[in-house]
Amino acid sequence: MFKRSGTGNYAYMSARVKAKTSKLLKEEDYNKMLMMSVPEISHYISEAGYSKEMNDLGTRHAGIDLLEYATYMNMSKQFRSILESANGELKTMIAAYLTKWDFENLKVVLRGKNYGLTPDMIREDLVIAGSLKEDDIERIISAPSIEDALAIFKSKTGLSVSDEAIHLYKEENVLTRIEDELSIGYYKSVLDSITGKDRATNIFRTYIKYVIDLKNIETIMKFKMENVDGSLAADFFIPGGAQLTDKIFAQANAAPTIEAAFNELQSLKVFEELKTMLSQTPNISLLILTMERFRLKMAIQVSHTYPLSVLPVVVYMIMKEDEVKKIRTIAHGINSGLDRDTIKNLLVI
Amino acid sequence: MATAGTEGLIAIGAGLAVGLAGLGSGLAEKDIGAAAVGAITENPSLFGRAMIFTVLPETIVIFGLVIAIMAIFVM
């Protein structure tokens, strides 16, 4: 259990993230926030570790914008500090996991460029939490074309897209294919980076594989809910999942109804979670919420096992991301006048 | 009364007792020290407790030292 897995400063990182985890907001904090207004939430989180970001951004933003930027900025700083403090194999795994944010940022830049947004507007929506440095992201933003932006991204992260996808974008002005290829490339690179054979590293690998399964189920359900022809779904399949093979994916997509598609997924571990969703009216946000709950449950289950491994670090990053999502959900819910119970149902507590 | 040959062996034994115990403590303290520094970075108020945990393996060296003293002065 205490056997060190691979090279890296596991003891140091583990202690740091455990200390960080203890500072995360608890369920009672969210319950209190549900009773507050947006400025009160801003004040509350200022006292719960977000004060520096709130003060830094306070002169430029206000209200819900301030809260959004401050939470994302804080998360970025925490993730960057983790990445910078880690070394060896541990750093490689964390960097690969955090490429998710590089990939999300690239999507924001590409969409922004596609819709003709100014660099300043694009910059506002970025979350600099990945392994790319701010200079690299600036280069991507200022790239003259989408091809150039993709070339810079490839040189920094190794993730590339096919000529076909770029051709499709030029012909039809759609980014979907590019984004899907990047998504497949991201999951492949994370799995490739997890080279250790010990039990803790295997758990991390299994977790990523389940996340891939969840992404594939999301694709199936989106197709079914929107009544799109299932045969088109094959291009969106992300290989490397734990249980959801390309065969099950194809069968579920070929199913005539959403219920029939669910039946095809009966052999999967996540099915039990999905069953509860099926008892209510299935919709995309409920599906994503169910998936998030399952993902978080998996992470929390392993959070106290194997202290000298990548697990405590990854679990902290998942929990921090969840904290930021919850704060934003509560603030947005209150800002749009939703009642407390509805907001609470939207939280993954 | 120990002869010159046995005195040499006792000295080697005493040296090994302290040396190996020190090596063991060092190995144990390596991870504890790293974890302690990590914890203090996040929360400086943990310094006192982290320090205690870091020096706990030092007790092993004291055992080694006691054996060494016994070997030299008692045997």
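First the proteins, then the strands, lettered A, B, ... as listed; each starts at 1.
Every residue meeting the side-chain contact (heavy atoms from CB on, under 4.5 Å) condition with A/T21, not counting sequence neighbours, appears here in chain and number order: A/L24, A/Y316, A/M319. Under the ring pair (Phe, Tyr, Trp, His ring centres under 6.0 Å) criterion, A/Y69 pairs with A/H61, not counting sequence neighbours.
The residue among A/A15, A/A19, A/S14, A/S85 with the most heavy atom pairs within less than 4.5 Å of chain B is A/A15.
The pair A/E323-A/K326 does not count as a salt bridge, with every side-chain nitrogen at least 4.0 angstrom from each carboxylate oxygen.
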- Item | side chain to side chain donor-acceptor pair (under 3.5 Å) between B/N43 and A/K23, intermediate numbers included | CA-CA 10 Å; B/N43 187 357; A/K23 288 182 199 160; over 6 Å; no
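Each of A/V127, A/L66, A/I45 was checked for a side chain to side chain contact (heavy atoms under 4.5 Å, CB included) with A/T71, and the lone residue meeting it is A/I45.
Identified under the salt bridge (charged side-chain N to carboxylate O under 4.0 Å, His left out) test for residues 39-56 of chain A, with sequence neighbours left out: A/K52-A/D56, A/E53-A/K77.
Contacts between residues 46-66 of chain B and chain A, defined by a heavy-atom separation under 4.5 Å, are made by no residue at all.
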